[in-house]
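Working notes, structure below.
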Amino acid sequence: MTPPSDRIRTDAADSATGPSIVPVIVDPAAGPRAAEGAPDPLLDGLNPPQRAAVEYRGDALLIVAGAGSGKTRVLTHRIASLIRNREAWPSQILAITFTNKAAAEMRERVSHLLGGIAEGMWISTFHSACVRILRREAESFGFTRAFTIYDSADSRALIKRLIKDLQADTYGYTVPQVAARISKLKNELTDAETYARQANYSDPQDAVFSQLYQEYAHALQAANAFDFDDLISQTVYLFRAFPEVADRYRTRFRHILVDEYQDTNHAQYSLIRELTRPPRSNELEGVSSPGNGGASLTVVGDSDQSIYAFRGADIRNIVEFERDFPGAEVVLLEQNYRSTQNILSAANAVISNNFDRKDKNLWTAVGDGAKIVGYTGYSGHDEAQFVADEIAKLHDEGIAYNEMAVFYRTNSQTRALEEIFIRSAVPYRVLGGTKFYERAEIKDAMAYLTSVANPFDALALRRILNTPKRGIGPATETQLAGFAEREQISYREAMRRAPELGLGPKVTKAIVDLATLLDEAAELADPDRPGGPGRVSEVLTLLIERSGYVTTLRASRDPQDEARAENVEELLAVTKEFAVNNPGGTLVDFLTEVSLVAAVDELDDASGTVSMMTLHTAKGLEFDAVFITGVEEDLIPHRMSANEPGGPAEERRLFYVGITRARKRLFLTLAMTRAQFGETSVAMPSRYLQEIPGDLVDWVQSPGGATSRGGTQPRALNAARPGSSRWNDGPVYLPPKPKTEWANRVTGQVRDNGDLELVPGDRIRHTDFGEGRVDQVTGEGAKRVAHVTFESAGRKKLLIKIAPIEKVG
DNA sequence: GTCAATGACATTTTT
DNA sequence: TGTCATTGAC
């Protein structure tokens, strides 16, 4: 694909910090705009659409930013320009990013552009911004500002308990199911009471769920806790219930910018709507004329990169932005500054197979670059070995390890990769996965801290009640809970008064001792303590020493417990580092920060290691060399996605996101057999592989070319490798299998099947769902809908005119 | 109340 | 493969 010649070439090194950018100091004497003709450092080096996106002033702006089109640059320059031109104070800016890391980077870049006067801006994730608001306002609606944030594991633990209590498992409810359903409802702003009102009580299953949901909500409230989804939805409820509170924020934020808008869910969308509404004071005084008074809104996104539908992201938020905000300006960024043309062409070819999308073509001025490399291993280990070998080669060629990344669909795929990487001495780092904070011993230590900060949190307290072992078993725990309930007192108070329960002297002492320890720690951590609160590290030290937690671990015979003790020490180091980075940071601040860290936030650019992560985590990142592993059916697209509406299309976007992370080199690898739960099963090449034009890929071992001789014995292959030369002396580049036959057979444009006649009983083939039979046809003319039962994908409704279907038989 | 042994079962993606 | 829940012996 050649770039249109009339486009203006700009500096391709978008992501590098421009050397020519000079910090601009706000000069009160200067006019609102820089002098005519003088080069404006905020516009310099931007292409025309980028410039338009920075300069547009109006109520609503949608920036459709293709992958690698420099959207972060546009956003930062836009913010800087608003501040520099004195159109906004920094404190009037609210910018929402997807991760904390992206927020930190944006803040850094804006303040660099402005010469360090960016104090007071809110640049954060949705969740962080909401926590900030909720902590300030907590007291006005029945919470304290020390509320706990429950992560998904905490939510699941609570749900598990409730399922047991209500015996909901007899109705077939499982923890993940209930958790997902509650999460979904919260993202749609349906709270427990609303659900209860419309629940179908003649259906016992639904009645039980409704009760589960209500008890879950009640338990959170009683524990003075919010789960992840609450952070957003409760902020919306807060704004709706207390307009005067909402007005404070509406008055404050005059410019709201939202990144990754395609991945916002309904609750987040509603939050933005609430915030961009004009404050009431304006309405009363008649200041509000159409579009006046509400904050200006800028959203950036790319519907082709929407990959979070499973967590409630609604692609319609971006698709229907212009309808939502009439008069909105739309700017398209299509020039890519990141990848080579070969990589982009592959990406374009793949994504063009998604129907019902706006056609959009990324192009670059960089040139073709190296071809994409494909490899089919005999097993997952074989595949991993290839990746490790190529990484070593790339490193020899001068690409730094931290400029390389390995992506996979599921976290479980890391195992084989890690094994081989360790053996091959490839320095690597896994982002996400089993995170540090998910380890049991860390959760224990955190539960101590949480119990100190939030005495109402029964879940945290239950976790530490008998950790380390103090002889407080389930029976005692139930007694304690009943006592607290009867006397209408907190758990902590109940523990202090444990002697009244008439338990054994040993148990009673254990309980009272723990209560004393928590009280002492709470006093130390108290923000209002005379002389200032103790540091988090001091509080943690007190807790783990006096409770005997580490001592017990060290004394254990289990060799793993030694490592656990070290992890707790590591957490102590984290608290010390926190104190250095956040002077005056309280215990609650620390707990908040820990709750909201995302996988990518751990990415350290200077680490000198290869990064391994899921395709989801990879969004928003870029690397010189990218390996996408496990490009197989049932993995990409994942087996579980087949039944979901829009599943295969979302999986394709995920693959697209992966491809577009690569700057120079892209490797697509798969295996013929893959181990899972100890069993090995046969894997098939992903359908998406066939969507990449054959001439873009050099197959070291193509899916068709690899014979089955290797079977499942990667060791034999290892042994057969002398030095660094590849094992197959035969033709290195086998002809790509059925490529020409398949590539771009389905054109990417919005299809038009014209007046394809379908009647019940017809058999059709759908590019995503396979073959199926038409049950009935409804609607008229261009809106005729076919109801189809697919063999593997089940029942679907399809708009006949544009669906990627054809009649068979 | 604790511990060790056994067997069932699971792996999609995440703030 | 590895985690977990249940079981039964102390």
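Proteins get letters first, then strands, A, B, ... in listed order; numbering begins at 1 in each.
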Without decimals, in angstroms, what is the distance between [X] [atom1] and [N] [atom2]?
{"X": "R156(A)", "N": "dT15(B)", "atom1": "CZ", "atom2": "P", "result": "13 Å"}
{"X": "N265(A)", "N": "dT14(B)", "atom1": "CG", "atom2": "P", "result": "16 Å"}
{"X": "D227(A)", "N": "dT14(B)", "atom1": "CG", "atom2": "P", "result": "18 Å"}
{"X": "N187(A)", "N": "dT15(B)", "atom1": "CG", "atom2": "P", "result": "14 Å"}
{"X": "R415(A)", "N": "dT3(C)", "atom1": "CZ", "atom2": "C1'", "result": "11 Å"}
{"X": "F407(A)", "N": "dT12(B)", "atom1": "CZ", "atom2": "C1'", "result": "17 Å"}
{"X": "E438(A)", "N": "dC4(C)", "atom1": "CD", "atom2": "C1'", "result": "16 Å"}
{"X": "L596(A)", "N": "dT14(B)", "atom1": "CG", "atom2": "C1'", "result": "13 Å"}

By nearest atom, which of the nucleotides dG1(B), dT15(B), dC4(C) is closest to the P474(A) side chain?
dG1(B)
Nearest listed nucleotide, side chain of K469(A), among dG1(B), dT14(B), dT2(B):
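Output: dT2(B).
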Which residues within residues 300-313 of chain A lie with some heavy atom under 4.0 Å of an atom in DNA chain B?
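Close to the strand are Y308(A), F310(A), R311(A).
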Could you tell me whether [X] contacts a base, only the sugar-phosphate backbone, or nothing, with contacts defined as non-hydrogen atoms closer than 4.0 Å?
{"X": "T476(A)", "answer": "sugar-phosphate"}
{"X": "T410(A)", "answer": "sugar-phosphate"}
{"X": "N466(A)", "answer": "sugar-phosphate"}
{"X": "A475(A)", "answer": "sugar-phosphate"}
{"X": "K619(A)", "answer": "nothing"}

Is there a salt bridge (Lys or Arg N to Asp or Glu O under 4.0 Å) between R674(A) and D634(A) once you walk through the steps?
CA-CA 11 Å; R674(A) 194 163 287 278; D634(A) 291 350; over 6 Å; no
So, does the side chain of H638(A) form a donor-acceptor pair with the base of dT12(B) at under 3.5 Å?
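Absent.
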With under 30° as parallel and over 60° as perpendicular, where do the rings of F627(A) and F667(A) fit, or are they tilted in between?
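F627(A) vs F667(A) ring planes: parallel.
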Tell me which of I472(A) and R409(A) sits closer to the 5' end of DNA chain B, going by the nucleotide each one is nearest to.
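Closer to the 5' end of DNA chain B: I472(A).
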Hey, which sits more toward the 5' end of DNA chain B by its nearest nucleotide, R470(A) or E651(A)?
R470(A)
Under 4.0 Å between a side-chain N/O of [X] and OP1 or OP2 of [N], yes or no?
{"X": "K160(A)", "N": "dA5(C)", "value": "yes"}
{"X": "N411(A)", "N": "dT13(B)", "value": "yes"}
{"X": "T614(A)", "N": "dT12(B)", "value": "no"}

Rounding to an integer number of angstrom, what distance separates dT13(B) and dC4(C) when you compare their P atoms?
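dT13(B) and dC4(C) have their P atoms separated by 15 Å.
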So for atom OH, which belongs to Y171(A), do other residues, nucleotides or ligands contribute more than 12 heavy atoms lying within a distance under 6.0 Å?
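No - once you tally the heavy atoms of other residues, nucleotides and ligands closer than 6.0 Å, there are 12 at most.
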Is it true that atom CZ of R554(A) has more than 12 heavy atoms of other residues, nucleotides or ligands lying nearer than 6.0 Å?
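More than 12 heavy atoms, drawn from other residues, nucleotides or ligands, come within 6.0 Å of this atom.
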Under a 3.5 Å cut-off for both contacts, is dC10(C) paired Watson-Crick or G-U wobble with anything, and if yes, with which nucleotide?
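Paired with dG1(B).
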Below 4.0 angstrom, N of the basic side chain to O of the carboxylate: do R135(A) and D589(A) qualify?
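No.
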Measure the shortest side-chain to side-chain distance between T680(A) and S379(A) over non-hydrogen atoms and say whether it is less than 4.5 angstrom.
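No, their side chains stay 4.5 Å or more apart.
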Close side-chain approach of E260(A) and Y308(A), heavy atoms under 4.5 Å:
no
Rounded to the nearest 0.5 Å, what's the gap from CG on L220(A) to CG on L158(A)? Could you check?
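Nearest 0.5 Å value for the CG-CG distance: 6.0 Å.
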